[in-house]
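The block underneath contains the structure these notes are about, expressed in structure tokens.
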Amino acid sequence: MNSFQYTRVTTPKAAISALTQESGTYFLAGGTNLIDLMKREVIVPERLIDINKLPLATIEKTATGLRIGAMAKNSTVADHELVKKHFPLLSMALNAGASAQLRNMATIGGNMMQRTRCSYFYDPSMPCNKRSPIQAGPDKGQPNGPSGCGAVGGVNRMHAIFGGSPKCIAVHPSDMCIALVALDATVNVSGPKGDRTIPFSDFHRLPGDTPQKDNTLLPGELIMSVDVPTNKFADNSHYLKVRDRASYAFALISVGVAVDMKRSDGSGKTIQDVRLAMGGVAHKPWRLTEAEQFLRGKPATEENFKQAATLAMKGAKGYGENDFKLTLAPNSIIDALKTATKTA
Ligand SMILES: Cc1cc2nc3c(=O)[nH]c(=O)nc-3n(C[C@H](O)[C@H](O)[C@H](O)COP(=O)(O)OP(=O)(O)OC[C@H]3O[C@@H](n4cnc5c(N)ncnc54)[C@H](O)[C@@H]3O)c2cc1C
Ligand code: SF4
């Protein structure tokens, strides 16, 4: 049993100041990931700052779209009328995640910050560069378990096919984040040096030589809210999640699609604008910009979807057990595009 201090805060300022004061301090939101990591001693905090009383749970219309507070629960956002009507991709992605009970506890900020589900990361006796980066110098403390990457050359069925490095091939596990990156969301954060806004596509990062860093949040920063801009995708959105069980399982592959079908020619079958993103394939939500570019202005046909999927797979690399994703991913892109555009 590891003891830790517990503090409850009621203002963002107090939360930021508490996090900045001491190392080994973590924000506690719904606790659905952090508490699991503590039980397994992957994270051994000295202090938890409970942020559940922060006034950051509102969902409100703005001049440019929707602002979702970081403490809004996953289930509340998924079921919100404005989200269902104008951002169905986000609602679908949230509802595809975890279980009803977990979604009732999990928050928007916590979902963005959840750690990878790589099984080596969750077992401190196994090598993992993300959990246990090589410590430079004797004054840096003991690493939490051996360094190295167990998954490269090991059990890597769930792992990345894009953007991995020799140090880490873990994937980001969130469903919600696939929708948010596709919808060009932005993240509002507040920290010791003030407020800033991060494009969602820059919030998570690739592992490179520092796989211990999942994202670009700076020390002491608190996620305040997420802005989702107004769009024309409500009629043609789809989130396809391929997983081992029908529910309560992380994505092997997921595809978020949002399409604006041109109607000026009367057919409604030309793609005016499209957003595509994939989950289960990279250390960050993976946007398929080249495929999007190819599809803009083209008719919604299976042939075009196949070409887009081929473009999307450029640079993909399997690591053995996850080679099946090299086939599953393009097939999923084609399926998701067909469903979103209602193409038979
Ligand atoms: C069995 C199981 C199955 C699951 N299946 C899925 C799934 O299929 N798809 C999916 O997407 N997710 C899934 N999840 C993950 C779940 O969605 C996350 O655990 C949850 O979203 C985390 O939110 P939380 O509020 O509980 O975060 P917490 O566990 O409280 O916190 C997680 C991390 O976020 C940090 N944090 C929280 N809020 C903020 C903030 N505002 N600013 C800065 N840092 C913050 C915390 O310090 C902590 O490091 C599953 C979880 C479990 C346990
Ligand atoms: S893939 Fe990343 S998280 Fe998994 S063992 Fe390797 S370094 Fe750790």
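One-based numbering along the sequence shown. Given the structure is predicted, the values throughout are model-derived calculations rather than measurements.
- Of the possible donor and acceptor atoms, one in the side chain of T116 sits under 3.5 Å from a partner among the backbone N and O of C118.
- Annotation: side chain of L66 is not in contact with side chain of E60 (no heavy-atom distance under 4.5 Å).
- When all heavy atoms of F203 and L217 are compared, the pair lying nearest together is CE1-CD1, 3.7 Å.
- Residue R67 forms a side chain to side chain donor-acceptor pair (under 3.5 Å) with just one option from T186, D227, T58, T62, and that option is D227.
- Judged by distance alone, with hydrogens and angles left aside, the side-chain atoms of R47 form no donor-acceptor pair with the main-chain N or O of F4 at under 3.5 Å.
- With R243 contributing its side chain and A246 its backbone, the two residues share a donor-acceptor pair below 3.5 Å.
- Separation of atoms NE2 (H80) and NE2 (H86) is listed at 10.5 Å; rounding is to 0.5 Å.
- Under the 4.5 Å side-chain heavy-atom criterion for grouping Ile, Leu, Val, Met, Phe, Trp and Tyr, V83 is not connected to M71 through any hydrophobic cluster.
- Atom CG of D202 has more than 12 heavy atoms from other residues, nucleotides or ligands within 6.0 Å.
- With R196 contributing its side chain and S190 its backbone, the two residues share no donor-acceptor pair below 3.5 Å.
- Cluster membership for V226 and M224, using ILVMFWY side-chain heavy atoms within less than 4.5 angstrom, is not shared.
- Side-chain contact between R205 and K284: absent, with no pair of heavy atoms (C-beta onward) separated by less than 4.5 Å.
- Of the possible donor and acceptor atoms, one in the side chain of N156 sits under 3.5 Å from a partner among the backbone N and O of A151.
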*Before giving the answer on side chain to side chain contact (heavy atoms under 4.5 Å, CB included), spell out for F250 and M158 the whole-Å C-alpha distance, their side-chain angles and the decisive distance to 0.1 Å.*
CA-CA 9 Å; F250 289 90; M158 300 294 289; 4.3 Å; yes
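- Heavy-atom minimum distance, V259 versus A340: CG2-CB, 4.3 Å.
- The backbone N or O of N304 lies less than 3.5 Å from a partner atom in the side chain of T301, making a donor-acceptor pair.
- Using a 4.5 Å heavy-atom threshold, the side chains of V257 and S237 count as separate.
- When every heavy atom of S75 is checked against every heavy atom of N104, the shortest pair comes out as OG-OD1, 2.8 Å.
- Salt bridge present: D273 and R296 bring a charged side-chain N and a carboxylate O closer than 4.0 Å.
- If you take CG on N74 and CG on L94, they are separated by 5.0 Å, rounding to the nearest 0.5 Å.
- Salt-bridge annotation for D184 and R275: present, with a side-chain N of the basic residue lying under 4.0 Å from a carboxylate O of the acidic one.
- One distance of note links CD of Q293 with OG1 of T289; it measures 8.5 Å at 0.5 Å rounding.
- With 3.5 Å as the limit, one finds no donor-acceptor pair spanning the side chains of S147 and R131.
- The residue from I51, T107, I223, D50 that alone fulfils the side chain to side chain contact (heavy atoms under 4.5 Å, CB included) condition with F27 is I51.
- The line from CD of E81 to CG of D79 is 9.0 Å long, rounded to the nearest 0.5 Å.
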*Passes side chain to side chain contact (heavy atoms under 4.5 Å, CB included), N111 versus Q114? Steps please.*
CA-CA 5 Å; N111 189 290; Q114 64 174 301; 3.4 Å; yes
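- A cation-pi arrangement, defined by a distance under 6.0 Å to the six-membered ring centre and an angle within 45 degrees of its axis, is present between K298 and F294.
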*Please report the C-alpha distance between I161 and K317 in whole Å, then the side-chain angles of each, then the deciding distance to 0.1 Å, and finally whether the side chain to side chain contact (heavy atoms under 4.5 Å, CB included) criterion is met.*
CA-CA 5 Å; I161 52 172; K317 175 182 170 181; 5.7 Å; no
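- Under 3.5 Å, the side chains of T341 and N236 contain no donor-acceptor pair of N or O atoms.
- Taking 4.5 Å as the limit, some side-chain heavy atom of K167 sits within range of a side-chain heavy atom of P211.
- You'll find the side chain of M278 stays beyond 4.5 Å of the side chain of I178, heavy atoms only.
- Contact of the L48 side chain with the Q5 side chain is not registered, since no non-hydrogen atoms from C-beta on lie closer than 4.5 Å.
- Side-chain contact check for Y26 versus L34: some heavy-atom pair is nearer than 4.5 Å.
- Counting only distance, with no hydrogens or angles, the side chain of Y120 and the backbone of V155 share a donor-acceptor pair below 3.5 Å.
- Nearest heavy-atom pair across C168 and P207 is O-CG, 3.4 Å.
- F200 and L276 fall into different hydrophobic clusters, where Ile, Leu, Val, Met, Phe, Trp and Tyr are joined by side-chain heavy atoms under 4.5 Å apart, directly or via other members.
- Side-chain contact check for N144 and S132: no donor-acceptor pair (N or O, by modelled atom type) lies under 3.5 Å.
- Taking every heavy atom of both residues into account, A15 and L54 meet most closely at CB-CD1, 4.3 Å.
- Side-chain heavy atoms closer than 4.5 Å link hydrophobic residues (I, L, V, M, F, W, Y) into clusters, and following such links, even through other members, never connects L102 to I108.
- Here the shortest heavy-atom pairing between A78 and N95 reads CB-OD1, 3.6 Å.
- For the pair R157 and D244, the salt-bridge criterion is met [side-chain N within less than 4.0 Å of a carboxylate O].
- Judged purely by atom type and a 3.5 angstrom limit, T20 uses its side chain to pair as donor or acceptor with the backbone of I16.
- Considering only heavy atoms from C-beta on, S174 stays 4.5 Å or farther from M112 through its side chain.
- At least one donor-acceptor pair closer than 3.5 Å links the side chain of N322 to the backbone N or O of Y319.
- For the atom pair CG of L240 and CE of M92, the computed distance is 11.0 Å after rounding to the nearest 0.5 Å.
- Follow the hydrophobic side-chain contacts under 4.5 Å out from L337 and you never reach Y239; the two are in separate clusters.
- Salt-bridge annotation for K241 and D175: present, with a side-chain N of the basic residue lying under 4.0 Å from a carboxylate O of the acidic one.
- When ring centroids are compared, H204 and H172 come within the 6.0 Å threshold.
- Looking only at distances, no side-chain donor or acceptor of T343 sits under 3.5 Å from a matching main-chain atom of T339.
- Between E41 and N2, the side chains place a donor N or O and an acceptor N or O closer than 3.5 Å (distance only, hydrogens not considered).
- Using a cutoff of 4.0 Å between basic side-chain nitrogens and carboxylate oxygens, D214 and K130 are scored as salt-bridged.
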*asked:* Assess the residue pair D195 and V189 against the criterion (side chain to side chain contact (heavy atoms under 4.5 Å, CB included)); give the C-alpha distance rounded to whole Å, side-chain angles, the decisive distance to 0.1 Å, and a yes or no.
replied: CA-CA 6 Å; D195 301 342; V189 306; over 6 Å; no
Donor-acceptor contacts, no H, no angles, side chain residues 327-336, under 3.5 Å, sequence neighbours left out:
{"from": "N331", "atom 1": "ND2", "to": "T327", "atom 2": "O", "distance (Å)": "3.4"}
{"from": "S332", "atom 1": "OG", "to": "L328", "atom 2": "O", "distance (Å)": "2.7"}

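- Ion pair K193/E221 not flagged as a salt bridge, since none of the NZ, NE, NH1 or NH2 atoms sits closer than 4.0 Å to an Asp/Glu carboxylate oxygen.
- No donor-acceptor contact under 3.5 angstrom links the side chains of K342 and H238, judged on distance only.
- Between the CE atom in M261 and the NZ atom in K269 there is a gap of 5.0 Å [rounded to 0.5 Å].
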